[in-house]
Amino acid sequence: MTRKTPRPLATLPAPAPVLADQLRAALEDSAVPGRAEGEKAYLKSPLEHIGVPLPAMRTVVRNFLRRHPGLDRDTLLELTEELWAPPVHESRSCAALLLEGRADLLERQDTGFLEQLLRECETWAHVDLIAPKGAGAMLLRLPETAEDFLRWSRDEDQWVRRGGILAYLLALRDRGEFPHYFPEFSHLADPLLTDSRFFVRKAIGWALREGAKHHPEEIADWLRKRLPRVSGLTLREAIRPVDDDTCRELLAAHAELNPRRRS
């Protein structure tokens, strides 16, 4: 009797802790000697740093995702938790970049998971990876998440609030999506204009700047109506793409209305 050759067993995804170890090893290989101390000081970070530049981290994550095209949602979330748990800047950055790279796997219920990460952020650098292309991609694909991001924006934690603002970055950047999402963003951002915190003011200006790249008159008009409440930081950030004459007009009017006010 001829014995049949057994079919090979299907390769099962490696457990999340194993995958996390693979990513950490790749990070260690990408570390730049002498970089960690300077980066830690620049970010005023309480986390441990091993000195991997952001472009190198993006390459590590991109290569990982290329090798694991079948990554599913459960594994993604477990892997993110594994990478986030150690207080290591690069490990947490990779967790955020994974969410950015496979935001298509996230579901509405995962906004709670993202919110918890934001609440545990020790730096704007991680908020700015999680919110714009992680939460932001969810907003475009799942418009109902706008309710969650509005709630984030009303949270007193500055990183959660910044995350709610920056969740609109992709929508405002897109010329076609802007008309639909700008009214929502206006409702979200208007009461935040008097928030005195730098990273909140900067985030509002950044989001407005993305819209001003293709709708400069509408952004300028929005700001013009709110000059008594807009900080100088938000204003200057928002009008970077606006024409010089309008910029001068807005800055002069703002200075007249707020002679003693600083950003």
Side-chain angles (χ1 to χ4, degrees), residues 13-14 16 19-20 22-24 26-27 52 54-85 89-121 123-153 155 157 159-178 180-182 184-185 188 203 206-207 210-211:
L19 296 175
Q22 293 175 7
L23 280 163
R24 291 192 190 103
L27 287 174
V52 183
L54 181 58
M57 287 190 277
R58 289 192 179 279
T59 297
V60 166
V61 171
R62 187 165 53 247
N63 290 341
F64 173 85
L65 292 175
R66 192 176 293 123
R67 292 194 303 271
H68 299 278
L71 189 71
D72 58 37
R73 173 177 168 272
D74 288 343
T75 304
L76 173 66
L77 297 179
E78 290 172 15
L79 179 55
T80 300
E81 288 182 310
E82 286 285 340
L83 291 167
W84 190 266
H89 174 79
E90 288 82 358
S91 185
R92 290 189 171 189
S93 295
C94 274
L97 288 169
L98 280 171
L99 292 173
E100 174 186 303
R102 292 309 312 268
D104 59 303
L105 295 176
L106 298 175
E107 299 176 359
R108 166 75 187 274
Q109 67 199 67
D110 297 324
T111 57
F113 177 66
L114 298 187
E115 179 182 337
Q116 186 58 40
L117 296 183
L118 291 172
R119 206 171 292 282
E120 295 172 3
C121 279
T123 171
W124 57 267
H126 290 148
V127 178
D128 293 4
L129 293 178
I130 293 168
K133 293 187 179 179
M138 291 182 72
L139 178 65
L140 291 174
R141 184 168 53 86
L142 304 168
E144 62 271 23
T145 56
E147 297 177 10
D148 302 291
F149 304 141
L150 177 62
R151 178 171 50 79
W152 289 8
S153 75
D155 198 289
D157 184 289
W159 301 132
V160 177
R161 179 169 291 187
R162 183 176 171 96
I165 297 165
L166 295 183
Y168 276 82
L169 206 66
L170 292 183
L172 298 185
R173 179 180 293 168
D174 188 295
R175 183 186 296 270
E177 297 289 355
F178 178 90
H180 173 74
Y181 284 100
F182 186 61
E184 288 184 12
F185 179 78
L188 178 149
W206 181 10
E210 294 303 314

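When reading the values below, keep in mind they use all heavy atoms of this one structure, side chains included, and skip hydrogens, waters and symmetry mates. Index from 1, following the sequence.
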Got a second to check how far [X]'s [atom1] is from [Y]'s [atom2], nearest 0.5 Å?
| X | Y | atom1 | atom2 | value |
| --- | --- | --- | --- | --- |
| Leu172 | Glu210 | CG | CD | 8.0 Å |
| Glu82 | Leu77 | CD | CG | 12.5 Å |
| Leu98 | Leu23 | CG | CG | 6.0 Å |
| Leu166 | Trp159 | CG | CH2 | 10.5 Å |
| Leu76 | Leu65 | CG | CG | 8.5 Å |
| Leu79 | Arg102 | CG | CZ | 12.0 Å |

Compare every heavy atom of [Y] with every heavy atom of [X], then report the nearest pair and how far apart it is.
| X | Y | value |
| --- | --- | --- |
| Ala167 | Ala135 | CB-CB, 4.0 Å |
| Trp152 | Gly163 | CE3-C, 3.7 Å |
| His126 | Cys121 | CB-SG, 3.7 Å |
| His89 | Ala125 | CE1-CB, 4.2 Å |
| Ser153 | Arg161 | O-NE, 2.9 Å |
| Ala26 | Val60 | CB-CG1, 3.7 Å |

Electrostatic pair Arg119-Glu115, nearest N-O below 4.0 angstrom: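 The answer is yes: the pair qualifies as a salt bridge.
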Between Tyr181 and Phe185, is the gap from one ring center to the other below 6.0 Å?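 They do not qualify: ring centres at least 6.0 Å apart.
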Decide side-chain contact (heavy atoms from CB on, under 4.5 Å) for Asp110 and Arg73; before the verdict, give the C-alpha distance in whole Å, the side-chain angles of both, and the deciding distance to 0.1 Å. CA-CA 10 Å; Asp110 297 324; Arg73 173 177 168 272; 2.8 Å; yes
Would a 4.5 Å heavy-atom cut-off, applied to side chains only, mark [X] and [Y] as touching?
| X | Y | answer |
| --- | --- | --- |
| Phe113 | Glu81 | yes |
| Trp84 | Leu99 | no |
| Leu142 | Leu106 | no |
| Leu129 | Arg58 | yes |
| Leu27 | Ser93 | no |

Does Leu170 form a side-chain contact (heavy atoms from CB on, under 4.5 Å) with Asp174? I'd like the steps, not just the answer. CA-CA 6 Å; Leu170 292 183; Asp174 188 295; over 6 Å; no
Donor-acceptor contact present, side-chain Glu90 to main-chain Val52, <3.5 Å: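 The answer is yes, because a donor-acceptor pair under 3.5 Å joins these two groups.
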Would the distance check show the side chain of Ser91 and the main-chain N or O of Leu83 forming a donor-acceptor pair, the cut-off being under 3.5 Å?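 Between the backbone of Leu83 and the side chain of Ser91 there is a qualifying donor-acceptor contact (under 3.5 Å).
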Relative to the ring of Phe178, is the ring of Phe182 parallel (under 30°), tilted (30 to 60°) or perpendicular (over 60°)?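 Judged by the thresholds at 30° and 60°, the geometry between Phe182 and Phe178 is parallel.
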Polar contact flag, side-chain donor to acceptor under 3.5 angstrom, Asp72-Thr75: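 Looking only at side-chain atoms, Thr75 and Asp72 do form a donor-acceptor pair, the distance falling under 3.5 Å.
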Output, in order, the C-alpha distance, side-chain angles, deciding distance and verdict of side-chain contact (heavy atoms from CB on, under 4.5 Å) for Asp148 and Leu114. CA-CA 11 Å; Asp148 302 291; Leu114 298 187; over 6 Å; no
Applying side-chain contact (heavy atoms from CB on, under 4.5 Å), run through Leu97 and Phe64 and close with a yes or a no. CA-CA 11 Å; Leu97 288 169; Phe64 173 85; over 6 Å; no
